[in-house]
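Okay, so here's the structure we're looking at.
Note on naming: letters A, B, ... go to the chains in the order of the sequence lines (proteins, then strands), and numbering restarts at 1 for each one.
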2 protein chains.
Amino acid sequence: MATLKEIARLCNVSVSTVSKVLNGKGRVGESKRRKILKVAKEIGYTPNYHARRMVEKSKILTIGLIVPDISNPFFSTLTRGIEKTCGENVLVILMDSFRNLDREEKLIKNARFRGIDGLIIGNSRVNDDLVLEISRYIPIVVFDKDYELKNTVSIILDNKHGARLATTHLIKNGCRKIVHLSGTSELYVSVQRIEGYTLAMKENNLEPKVYLTGYDEKSGYKKMKELLSKNEKFDGVFCVNDLVAIGAIKALKENNMRIPEDVSIVGFDNDEELCEIITPSLTSIHQPVEEMGEIAARSLINLIENGDSKIKKYVFSPRLVIRESSIRNRGEYSV
Amino acid sequence: MATLKEIARLCNVSVSTVSKVLNGKGRVGESKRRKILKVAKEIGYTPNYHARRMVEKSKILTIGLIVPDISNPFFSTLTRGIEKTCGENVLVILMDSFRNLDREEKLIKNARFRGIDGLIIGNSRVNDDLVLEISRYIPIVVFDKDYELKNTVSIILDNKHGARLATTHLIKNGCRKIVHLSGTSELYVSVQRIEGYTLAMKENNLEPKVYLTGYDEKSGYKKMKELLSKNEKFDGVFCVNDLVAIGAIKALKENNMRIPEDVSIVGFDNDEELCEIITPSLTSIHQPVEEMGEIAARSLINLIENGDSKIKKYVFSPRLVIRESSIRNRGEYSV
DNA sequence: CTGAAAGCGCTAACAC
DNA sequence: GTGTTAGCGCTTTCAG
C-alpha cells in the first residue's frame with residue numbers, strides 16, 4: 001500500500017515533510033516538493049481515511065439511513081430530501097431492511113460499530129426499547145413515532161388529521177357508506193389514520209368500517225375484490241396509501257363500478273406520478289416528504305454536533321389534493 | 001469520550017485487559033471481567049471505528065454509489081439490487097448528484113478521500129478522462145458505458161437490440177408509420193436506441209423518423225402535441241422510456257386518438273407500476289434493473305478484493321413485455 | 001491471568 | 001526548511 005512512509009523512503013525525506021507537501025502546509029524546498037508530488041502520483045497514493053480521522057477532529061459526519069424499501073417512492077423521495085441537506089461533509093450510509101424486522105434490528109444495533117455518528121430510521125416497526133437503548137450511544141431521528149428521549153428527534157405527519165381530512169371530504173361530497181382500507185394494525189401510521197377516519201365518521205353520525213390490508217397494490221386489489229364478492233355496500237373508500245387505492249380502483253373497474261359516480265375514492269401520500277396517471281386521477285392526502293427528509297437530516301446533524309436538540313418533535317400537516325376520483329357532478333361540493 | 005483507556009483507569013486494569021474482555025478474547029479473571037463489562041456499559045462505550053480499522057485488516061468494505069436522481073424508479077430499483085448484494089459487511093454510501101455535472105465530478109473525485117473502497121456510477125455524463133484517472137486509485141463499475149480499463153467493469157443493456165425488438169413488434173403488429181421519441185442525442189443510451197429503431201425500420205423498408213425529446217413525462221407530452229398539431233401522420237410510436245410514453249399517451253388521448261387502434265405505442269424500462277396503471281396498459285422493453293444492480297455490486301466487491309476482474313463487461317438482454325397499448329385486434333399478430 | 005510495548009498511518013508541535 | 005517525537009484508540013504479540 002502506498003503510504004507516507006513509502007513516499008518518504010522513496011524520496012529520502014521524513015514522513016512529516018511528505019505530509020506537509022501533500023497537505024500544502026509549512027514550507028518545503030522546491031526540489032523536494034516536486035519530487036514528492038511526483039512520486040506520490042506515480043505510486044497512486046491516497047491518504048488513509050481512517051488514520052486521518054483518528055488524528056484530526058474531522059468535520060466529516062457519517063449518518064446512517066434505514067428504510068424498509070428504497071424502491072418505494074415515499075422512501076426514495078425522503079432519501080432525496082436527506083441527500084439534499086447533506087453537503088460535501090456528510091456521508092449517508094443507506095441501509096435497506098427489505099421490511100425484514102430482524103435485519104432492521106441488526107442494522108440499528110450495528111450502526112455504531114460501523115463508524116456511524118447518527119441514525120435516521122424511516123417508519124420502522126422495531127420496538128421502543130431498542131430505540132431507547134441505542135439512543136444512549138448515538139442520536140436518532142425517527143419517523144412517525146413519538147419519543148421523548150434525550151438523544152432523539154421525532155418527525156411526524158399528523159396522520160389523524162390527514163385521515164379526517166380525507167374522510168370528511170368524501171362525506172361532504174355526498175358519500176355516506178365509507179369504508180377504510182387501513183394497512184396493518186401494527187404500524188403506528190395506520191393506527192393514527194384509523195383514528196382520524198373513525199373520528200370523522202362519528203362526527204357525522206356515520207358508521208366506520210375498517211378493513212385491514214397490506215401496503216401495496218396487490219393487497220388493495222385483493223381486499224376490494226373480497227368486499228365486492230361479499231356484496232358489501234359502500235359509496236366511498238379511504239385508503240391507507242396510494243398504492244392500495246390503485247389496487248382498489250383496479251378491482252372496482254373490473255366489476256364495472258363507476259368512479260367516482262358509484263364509488264368515490266381517496267388515497268394517501270399523493271405520489272403525483274401515480275395519482276395523475278391513473279384513470280380517473282386519484283384524490284390523495286399530500287405529505288411534504290422531501291421537506292421532511294430535509295428536516296430529518298438537519299435535526300440529526302444538529303443532534304450529533306450539539307448533543308441535544310431544543311426541538312424534539314416536528315409535526316407536519318397533511319393537505320388534501322382533490323382530483324377526479326372523488327368529485328361527483330352533483331353540485332353538492334366543489335373545489 | 002469513552003475509550004478503552006478510560007475504562008482501564010476506572011477499573012484499575014490495563015488497556016489490553018479491557019480490550020480482551022470486550023472482544024471476548026484471551027482469559028481474564030471473572031471479577032475483573034464483570035467489572036469491566038459493567039463500567040463499559042455505564043459510560044456508554046463504543047469502540048472507535050477508525051481506530052479499529054487502522055489496526056485490523058477489517059473485512060468491512062465501503063462502496064460509493066452515485067446516481068443522478070434517487071427518486072427516479074430506475075435508480076431506486078438499481079439501488080435496491082445493490083443493497084441486496086451487500087450483506088453485513090459492505091457499507092453503501094449513497095450520493096445523489098441531482099443531475100448536476102459539477103457535483104457529480106466532485107463526488108467522484110472526492111470518493112477516495114472519504115474512505116470509499118470502490119465506486120458504482122449509475123448512468124453518468126462525466127467525461128471518460130475522469131473515469132480513467134480515478135480508476136487508477138479505486139475500482140469503478142459504470143453503467144451504460146463501455147470502458148476497457150484495468151480497474152473497471154461495465155454493465156450494459158443491449159439498448160440497440162431492445163429498440164429493435166420494440167420497433168419490430170410494432171411492425172409485425174401492423175404499424176407502418178412509426179416515429180421514435182428518442183430523448184437527447186448526448187446520452188449513449190439514446191444513441192443506441194435510435195440505432196436499433198432505425199435498423200428495424202430499414203430492415204422492413206420503412207422510413208425512420210426520430211424526434212428528440214427529454215426523458216420525462218412532460219417532454220413526451222409536449223413533443224406528441226407538437227406532432228399532432230403539425231398533422232404528422234403515424235400509426236406507431238416507440239418511446240425512449242416509459243415516462244415519455246406516458247406523456248405521449250396523454251396527448252394522444254386528449255386528441256381523441258384511440259390506442260392501440262389508431263396509434264400503437266411502446267415504451268422502455270418496463271416500470272411495472274407505471275405500465276400497468278395507465279390505461280391502456282403500456283407495452284414496454286424490460287431491463288432487469290435489480291439484477292443489474294446485484295451484478296454491479298458483486299463485480300465491484302470482486303474488483304476491490306482481487307484488484308482485477310476477468311469479466312470486464314456484462315451485457316444484459318432486454319425483453320419485450322406486451323400489454324394493451326400495442327395489440328390491435330386485427331389478428332395480424334398475437335402473443 | 002495480566003500488563004507492557006509495539007505499531008496501524010497520519011498530523012502537529014517542537015526542536016534543530 | 002527539515003526531521004524527531006508524541007499521540008489519536010485500538011489490537012496483538014510477548015514476557016512475566
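Results of the side chain to side chain contact (heavy atoms under 4.5 Å, CB included) test with A:Ser19 over A:Ile7, A:Leu4, A:Ile36 single out A:Leu4 as the only residue that passes.
Defined by atom type and a distance below 3.5 Å, a donor-acceptor pair is present between the side-chain atoms of B:Ser190 and B:Tyr215. Between the side chains of A:Arg112 and B:Thr46, at least one donor-acceptor pair of N or O atoms lies under 3.5 Å. No side-chain N or O of B:Asn151 forms a donor-acceptor pair with one of B:Asp308 less than 3.5 Å apart. Looking only at atom types and distance, the side chain of B:Ser14 has a donor-acceptor partner in the side chain of B:Thr17 under 3.5 Å away.
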_B/S/- contact track for nucleotides 3-9 of chain C, protein heavy atom under 4.0 Å_ = BB---BB
*asked:* Is there a side-chain contact (heavy atoms from CB on, under 4.5 Å) between B:Val142 and B:Thr152? Walk through the geometry before answering.
replied: CA-CA 8 Å; B:Val142 277; B:Thr152 302; 4.1 Å; yes
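In A:Glu30, the CD atom is crowded: over 12 heavy atoms of neighbouring residues, nucleotides or ligands sit closer than 6.0 Å.
If you take CG on A:Asn89 and CD1 on A:Ile301, they are separated by 10.0 Å, rounding to the nearest 0.5 Å.
Counting 5' to 3', DNA chain D first comes under 4.0 angstrom of a heavy atom of chain A and last does so at the ends given by D:dG1 to D:dG9.
In this structure, CD of A:Glu56 is placed 6 Å from P of C:dA12, rounded to the nearest angstrom.
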